[in-house]
Amino acid sequence: MNSSLLLSSQRNLQRENDYPLLRPFVLWGLCIGLLMAVFFWSPLLGFSFFMLFLCSGALWKKDESPVLAFCIGYQWLFVMIGYIYYLITGRFLASNPGDVEGAVFLSMLGFLVMTVGIRLAFKAMRTLSRKSSLRRENSEPYNIKYIFWIIILLYVINWFIEINPYRFFGLTQLFDQMLSFRSVFLVLLFLEIASQGKGYIYGIGAASFFFLPTAAGSLLSAWSTLFFMLFLVFISEWKPWLKTPIMRMRNKKILTGAVGAAVILCTLGLIWQGGGVKGSWRRSLSMEVEHVKPIEKMGILGGLVKEGTLQFDFQGDYLSLIERMSGVYVFTQVLDYVPKVISHEQGRLTWRAIEHALKPRFLFPDKPGLGSNSSLVIKYTGYWVAGEESGTSIGLTYMAEFYVDYGKIGMFIPLFFWGLLIGLTYRLFFVFSPSHRFACAAVITAYLQPFASYEGEIAYLLGGLGLVFLTYGTLLLFLGSWFHRLLRLNSVGSRVKHALSQGLEP
């Protein structure tokens, strides 16, 4: 009897140790949520801040990248930024908002339900998690110089030829995911530099080599990926639960780096979105610039950025960025339109997404396209929005789609299964990867697109998750061990230096 109680208490302690930020985040969430509720006289705002801290703490697993917590937080920002502006000014930036409070409240509950699904998936795969923990304990540091040169070899072609995966017809999505796998090595390099505390010149060189041709490419806003990856690398190494003097100093430096990456991203985002650079670059790509060599494109884009910086108006530009990030706006209109004008679809959009995801285009080249995202917005809000004719589209948001299908209560069932699927695939990445560090780099790269998007259509998110999981999983399963052997630091001296840098016994 005593032994079973002891074993149970040990398991509970282990679970708490696996999520060391859960308890302090809950306390901070309660305090900050209460302050926000009183200061703005809005219980919903206080509840929203509490949900942010609760979900983040529940997903921030020790010694793993907090990419899932980041994705929830990033989606939270798209829900709340417009609502907070609404509370401060008394008006919504976009015209004709619908049920704002209802959309915010349902979104917060949706984040909580997805978090529960992810945690249940983690619990179901606890045995595999133990195996990945053993792999983490036995992992060796990688050679920073080797990773750097692999990145140079993988990305050098981008400086001379823009690789457009959409030219590969039925293989477009598969080829796109194979190209995106290169970013795993970039994140791996950043993780090793942060862990070993050296090789910063290699990190700057690799980041520049990746950033310049990517920014000048035809995929708008792809440049922001670098700063998201850097931010995630920094907070992956931030361990505030370790209280030694060395770790306190290290945590301060890491937090400074994370804040710096966030500030640079926000500044560039203001110039890109509010300064008009994005619109000018889109118009340039629609003309002859699209056929110009990447190196020449960098010069053209540099001129546009300089012009946007000179014309930068903080007051007007930050409002433009807030309006762009008010992703909950469409959901507010859907709540006012469905089922008053159009009845719930009883799962039609969900099954459309599942059918689309189960038929990859490289196997079904005749599969019909989904069409513009804007068509769904027009249908389920009753308002006309810009579409393919203007070179843009507006997403309905996946939560609004589930609401359209199942209503205010039923929408949480597919959200739970979406979280469950995210958690299962996430844990399998740690099984397929040759080392814990490689797995952390893979999940940071893999989940930024299919799980960080609040505005995404569920068909694209589900298909994207399935394809990135199959592509990355296959490459890690069959080539991961080879890369692991190639990149390892095999010398005893290197291992001793690495152990000393971590404050451990060599």
Side-chain angles (χ1 to χ4, degrees), residues 71-72 74-79 94 98 103 106-107 110-111 113-114 165-166 172-173 176-177 180 219-222 324-335 337-338 342 344-361 364 367-407 410-419 421-422 425 446-469:
C71 290
I72 290 288
Y74 190 65
Q75 292 187 56
W76 182 92
L77 190 63
F78 273 74
V79 175
L106 290 174
S107 297
F111 295 148
V113 169
M114 287 190 295
Y166 293 95
T172 293
Q173 295 171 324
D176 186 37
Q177 294 301 337
S180 73
L219 296 176
L220 299 177
S221 304
R324 168 64 187 87
M325 293 185 67
S326 298
V328 77
Y329 168 68
V330 174
F331 194 7
T332 69
Q333 293 181 318
V334 172
L335 288 174
Y337 200 73
V338 180
I342 295 181
H344 292 290
E345 293 286 4
Q346 308 303 325
R348 189 183 71 83
L349 294 178
T350 304
W351 288 112
R352 168 178 173 265
I354 293 173
E355 183 181 10
H356 181 80
L358 293 178
K359 291 183 176 180
R361 195 167 296 280
F364 300 90
K367 181 179 71 171
L370 291 170
S372 171
N373 292 344
S374 300
S375 61
L376 292 179
V377 177
I378 295 171
K379 180 177 181 179
Y380 296 111
T381 66
Y383 290 96
W384 183 90
V385 294
E388 292 179 342
E389 74 285 344
S390 59
T392 186
S393 66
I394 297 175
L396 185 64
T397 79
Y398 68 97
M399 287 198 187
E401 285 188 68
F402 287 143
Y403 166 77
V404 167
D405 266 351
Y406 308 106
M411 63 178 285
F412 297 112
I413 298 175
L415 283 173
F416 169 77
F417 282 104
W418 176 235
L421 185 60
I422 291 290
T425 53
Y447 287 92
L448 279 178
Q449 184 60 35
F451 192 49
S453 174
Y454 178 79
E455 296 175 304
E457 186 178 341
I458 189 60
Y460 291 113
L461 298 182
L462 185 61
L465 176 65
L467 198 57
V468 75
F469 175 71

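Note that the coordinates shown come from a computational prediction; the quantities given were computed from them, not determined experimentally.
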Gap separating the [atom1] atom of [X] from the [atom2] atom of [Y], nearest 0.5 angstrom:
X	Y	atom1	atom2	value
I458	T397	CD1	OG1	10.0 Å
R352	E457	CZ	CD	4.5 Å
L349	F402	CG	CZ	9.5 Å
Y454	S326	OH	OG	11.0 Å

Under 3.5 Å, is there a donor on one side chain and an acceptor on the other for S453 and Y398?
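Judged by distance alone, the side chains do not pair up.
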Quiz question: by atom type and distance under 3.5 Å, do the side chains of Y406 and T350 form a donor-acceptor pair?
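A pair is found: one side chain offers a donor N or O, the other an acceptor, under 3.5 Å apart.
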Taking all non-hydrogen atoms of both residues into account, name the closest pair between [X] and [Y] and its distance.
X	Y	answer
A459	A353	CA-CB, 3.4 Å
A103	V328	CB-CG2, 3.6 Å
M399	M411	O-CE, 3.7 Å
L396	A400	O-CB, 3.1 Å
L415	V113	C-CG1, 4.1 Å

Going through the checks in order, is the side chain to side chain contact (heavy atoms under 4.5 Å, CB included) test met by I354 and W351?
CA-CA 5 Å; I354 293 173; W351 288 112; 3.7 Å; yes
side-chain contact (heavy atoms from CB on, under 4.5 Å) partners of [X], counting only residues at least two apart:
X	value
A446	F429, V468, Y472
E345	R348, K379, Y380, V404, D405
Y337	V341, I342

Side chain to side chain contact (heavy atoms under 4.5 Å, CB included) partner of F451, the single match among L461, L465, T425, I72:
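So, applying the side chain to side chain contact (heavy atoms under 4.5 Å, CB included) to F451 and each of L461, L465, T425, I72, only I72 qualifies.
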Any residue meeting ring pair (Phe, Tyr, Trp, His ring centres under 6.0 Å) with Y383, in chain and number order, not counting sequence neighbours
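Partners of Y383 by the ring pair (Phe, Tyr, Trp, His ring centres under 6.0 Å) criterion come out as none, since no residue qualifies.
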Residues in ring pair (Phe, Tyr, Trp, His ring centres under 6.0 Å) contact with F412, at least two apart in sequence or another chain:
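Expected list: none.
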Could you work out, with side-chain hydrogen bond (donor to acceptor under 3.5 Å, both in side chains) as the rule, every residue matching E401, not counting sequence neighbours?
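Here no residue qualifies.
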Check whether Y403 reaches the backbone of V338 with its side chain - one donor and one acceptor, N or O, closer than 3.5 Å.
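It does hold such a pair.
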Report the C-alpha separation of I422 and M114 in whole Å, then their side-chain angles, then the decisive distance to 0.1 Å, and conclude whether the side chain to side chain contact (heavy atoms under 4.5 Å, CB included) test is met.
CA-CA 9 Å; I422 291 290; M114 287 190 295; over 6 Å; no
